[in-house]
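To keep things clear, I will list the structure first and then write my remarks on it.
Quick note: residue numbers are just sequence positions, from 1.
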Amino acid sequence: QVQLVESGGGLVQPGGSLRLSCAASGSTSDYYAIGWFRQAPGKEREGVMTMSSSEGTAYSADFVKGRFTISRDSDKNTLYLQMDALKPEDTAVYYCAASTGVAAGLLLTLPKLADYWGQGTQVTVSS
């Protein structure tokens with residue numbers, strides 16, 4: 001059974017940084033696309049950044065604006081999201097998700113097409 005386990009969330013001040021991790025059972029290259037999503041209270045789940053497993057091409061939502069970086073360590077089967085210059089509006093539960101047949105660019109805009117989800121990790125940006 002595929003498992004995705006996120007970690008690294010927490011409370012950070014505006015302008016601060018956090019690095020989220022997503023440990024995947026099996027190899028991250030087993031998925032067609034993998035990425036990070038978030039859901040704030042009262043809002044729909046939205047894509048943050050996704051990555052093509054074969055080429056490593058990254059896609060990001062407009063609100064990222066170069067503040068976040070997605071990366072992976074194939075040896076550790078782990079996906080990362082480095083978040084810098086965090087803002088209060090980045091407060092949300094962050095999820096890792098993967099697709100076995102949907103391209104990374106499409107997955108970013110349609111999270112419901114993901115096949116597997118982690119349990120989420122809370123990120124709170126507040127002074």
Non-hydrogen atoms of T91 and P88 that approach each other most closely: OG1-O, 2.9 Å
Nearest-0.5 Å distance, CG of residue L4 to CD of residue Q119: 9.0 Å
T50 side-chain N/O to A104 backbone N/O, donor-acceptor pair under 3.5 Å: yes
Test log, rule side-chain contact (heavy atoms from CB on, under 4.5 Å), inputs Y32 and L107: CA-CA 10 Å; Y32 197 65; L107 185 63; over 6 Å; no
Under 3.5 Å donor-acceptor, S25 side chain and Q3 backbone: yes
Nearest-0.5 Å distance that lies between atom OG in S60 and atom CE in M49: 4.5 Å
L108 reachable from L79 in the ILVMFWY side-chain graph, under 4.5 Å edges: no
Donor-acceptor pair, side chain of W36 and main chain of Y80, under 3.5 angstrom: yes
Nearest heavy atoms of G47 and A61, plus distance in Å: O-CB, 3.4 Å
F63 with M83, same ILVMFWY side-chain cluster at under 4.5 Å: yes
S17 OG to Q82 CD distance, which is reported to the nearest 0.5 Å: 5.5 Å
Greater than 12 external heavy atoms within 6.0 Å of E44's CD: no
Residue pair Y116 / I34, side-chain heavy-atom distance below 4.5 Å: no
Heavy-atom donor-acceptor pair, D115 side chain to T100 backbone, under 3.5 Å: yes
Same apolar cluster (I L V M F W Y, side chains within < 4.5 Å links), Y59/L106: no
Audit row: Y95, Q39, side-chain contact (heavy atoms from CB on, under 4.5 Å) steps and yes/no: CA-CA 8 Å; Y95 298 89; Q39 188 166 18; 4.2 Å; yes
Validation row: F68, D84 side chains within 4.5 angstrom (heavy atoms): no
Sub-4.5 Å side-chain heavy-atom contact between W117 and P111: yes
Side-chain donor/acceptor of T78 to backbone N/O of K76, under 3.5 Å: yes
CG-OG distance between L86 and S126, expressed to the nearest 0.5 angstrom: 12.0 Å
Donor-acceptor contact below 3.5 Å, side chain E6 vs main chain C96: yes
Donor-acceptor under 3.5 Å (R67 side chain, A85 main chain): yes
Contact summary for A58 and I70, nearest pair of heavy atoms: CB-CG2, 3.7 Å
Any side-chain heavy-atom pair of V12 and T124 under 4.5 Å: no
Candidate pair Y94 and Q122, rule side-chain contact (heavy atoms from CB on, under 4.5 Å), full reasoning: CA-CA 6 Å; Y94 283 70; Q122 176 70 46; over 6 Å; no
Sidechain-backbone polar pair: S53 side chain, Y31 backbone, donor-acceptor under 3.5 Å: yes
Student check: side-chain heavy atoms of R38 and V123 closer than 4.5 Å: no
Note, T121 side chain near L20 side chain (heavy atom, < 4.5 Å): yes
Side-chain (R19) to main-chain (G9) donor-acceptor, under 3.5 angstrom: no
